[in-house]
Amino acid sequence: MPEIIAYPEDYVLQNSYDNLDNLKDFYKPIYLQIDGQPLDDHDSSYKIRRNKLNDLSAEFLDLGIFGQTGRTKLIKIVKQINAKLTIPFDSPNFEDEVALLKAEGLTAKLPEKNQDIEFQ
């Protein structure tokens, strides 16, 4: 985490709603909501999360990616952050996402159960 805080432009941190406090040491973090819970303000947790992100001076971007439009957004996100490797972690069809990314010339691989991944 200290490396990520020191050089945030080199990383994208996958962080869960339950771990929002991990962002407290970052300067103006950007929080991407890419589907997942809580989805919208019908869920009481949504307002709590938004308030906490405001307290952290975090920018909030809701980038829901379900459906065909979502595939275009996924490719755009991966390209914008200049990802060296993308591993889908929560998908109804990992193989399709990896194939989609590879077809765009991006590097992607399937997740493996119990695999440790070290980022350098």
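The figures that follow rest on heavy atoms only: side chains count, while hydrogens, waters and symmetry mates do not. This one's a predicted model, so the numbers in the text were calculated from it and none came from an experiment.
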Does [X] have any side-chain contact (heavy atoms from CB on, under 4.5 Å) partners at least two apart in sequence or in another chain, and if so, which?
{"X": "N82", "answer": "none"}
{"X": "K52", "answer": "L20, D21, L56"}
{"X": "K76", "answer": "Q80"}
{"X": "D96", "answer": "R71, N93"}

Worksheet item: Is there a chain of hydrophobic side chains (I, L, V, M, F, W, Y, each step under 4.5 Å between heavy atoms) that links Y11 to M1?
Response: yes
Worksheet item: Are I5 and Y7 connected, step by step, through hydrophobic side chains (Ile, Leu, Val, Met, Phe, Trp, Tyr) whose heavy atoms are closer than 4.5 Å?
Response: yes
Worksheet item: Step by step, would you call K102 with K109 a side-chain contact (heavy atoms from CB on, under 4.5 Å)?
Response: CA-CA 9 Å; K102 286 183 175 182; K109 70 178 240 171; 5.6 Å; no
Practice prompt. Identify which one of I81, I77, V98, L101 satisfies the side chain to side chain contact (heavy atoms under 4.5 Å, CB included) criterion when paired with T86.
Written response: L101
Worksheet entry | side chain to side chain donor-acceptor pair (under 3.5 Å) against N19, all qualifying residues, sequence neighbours excluded | S16
Worksheet item: Of all residues at least two apart in sequence or in a different chain, which pass the side chain to side chain donor-acceptor pair (under 3.5 Å) check with E59?
Response: none
Worksheet item: For E104, what residues pass the salt bridge (charged side-chain N to carboxylate O under 4.0 Å, His left out) criterion, not counting sequence neighbours?
Response: K79
Discussion item. Just verifying a value: how many Å separate I4 CD1 and D10 CG, rounded to the nearest 0.5 Å?
Written reply: 10.5 Å
Worksheet item: Which distance, rounded to the nearest 0.5 Å, do you find between the CD1 of I87 and the CZ of F94?
Response: 11.0 Å
Discussion item. Taking the side chain as everything from C-beta on, heavy atoms only, tell me whether L110 gets closer than 4.5 Å to E95.
Written reply: yes
Fill in: Any side-chain heavy-atom pair of L100 and I75 under 4.5 Å
yes
